[in-house]
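On a predicted model such as this, the values are computed, not experimentally measured, just so you know. Order of listing sets the numbers, starting from 1, for every ligand and every atom in it.
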Amino acid sequence: MSDDDVAKAQKIAATQLSRAGVRLAYILNDVLAPIPSGAAPGVKTIGNSAAGRVFALATCSACHVVAQDQKAPRDLTTAPDFQAIANSRGMTQVAMRTFLASPHPTMPNLRLSPQQSMDVTAFIVSLKKATR
Ligand code: HEC
């Protein structure tokens, strides 16, 4: 490698690193966004699960079993059903919102607004209680 190539590579690496920084900042902003006002003090209500259910039926049901009564086909992919996601170990709203804000190898990079992300994760987490 010539000095020229090294200099070029260093420039590219610096650009890529700053892009990664911006991306990480975006994810952190989204994940750590303040809980919308309206929740009673001390109540950890993040997102509206009823709105999340409607959104998920419209947006996620092509691949996931979102609700047992959904009409959408379920055989397109091997996406896990939402109840299974809710019951998987260590699955929290923060973990889920991080997942939804990050690129993913098999799931299209869905662009959810912070509100949609909160609502849909509130809905998925609500399914956890349904099995107990
Ligand atoms: C085009 C198909 C498709 C759509 C649409 C889709 N997903 Fe997925 N999703 C997948 C697949 C496939 C996986 C499994 C990826 C893997 O495990 O590698 C997955 C995984 C996930 C996971 C992670 C599960 C885990 O245990 O790690 C979450 C959470 C999730 N999807 C939520 C959603 C939400 C919310 C929506 C709608 C806003 C959505 N998905 C829309 C295909 C889809």
Go through ligand 1 atom by atom and flag the ones less than 4.0 Å from a non-hydrogen atom of C63.
1 (C), 2 (C), 3 (C), 4 (C), 5 (C), 42 (C), 43 (C)
Checking only N/O/S atoms, does C60 have one that is under 2.8 Å from atom 8 (Fe) of ligand 1?
no
Which of the atoms in ligand 1, numbered in the order shown and given with their element, are less than 4.0 Å from a heavy-atom of F99?
20 (C), 21 (C), 22 (C), 23 (C), 28 (C), 29 (C), 30 (C), 31 (N)
Is the closest heavy atom of P80 to ligand 1 under 4.0 Å?
yes
Salt-bridge criterion met for D4 and K11 (N-O under 4.0 Å):
no
Could you check if a side-chain atom of Q83 sits within less than 4.5 angstrom of a side-chain atom of K128, using non-hydrogen atoms only?
no
Is there side-chain contact between H64 and D81, with heavy atoms separated by less than 4.5 Å?
no
Looking at ligand 1, does any of its N/O atoms fall within less than 3.5 Å of an N/O of H64?
yes
Check each atom of ligand 1 against the heavy atoms of F55 and keep those under 4.0 Å away; list them by number with element.
38 (C)
Under the side-chain hydrogen bond (donor to acceptor under 3.5 Å, both in side chains) test, which residues partner Q10, sequence neighbours left out?
none
Not counting sequence neighbours, which residues clear ring pair (Phe, Tyr, Trp, His ring centres under 6.0 Å) with F123? List them please.
none
Near M96 (heavy-atom distance under 4.0 Å), the atoms of ligand 1 are 29 (C)
Show me which atoms of ligand 1 lie under 4.0 Å from any heavy atom of T59.
5 (C), 38 (C)
Check: D119 and F55 side chains under 4.5 Å, non-hydrogen atoms
no
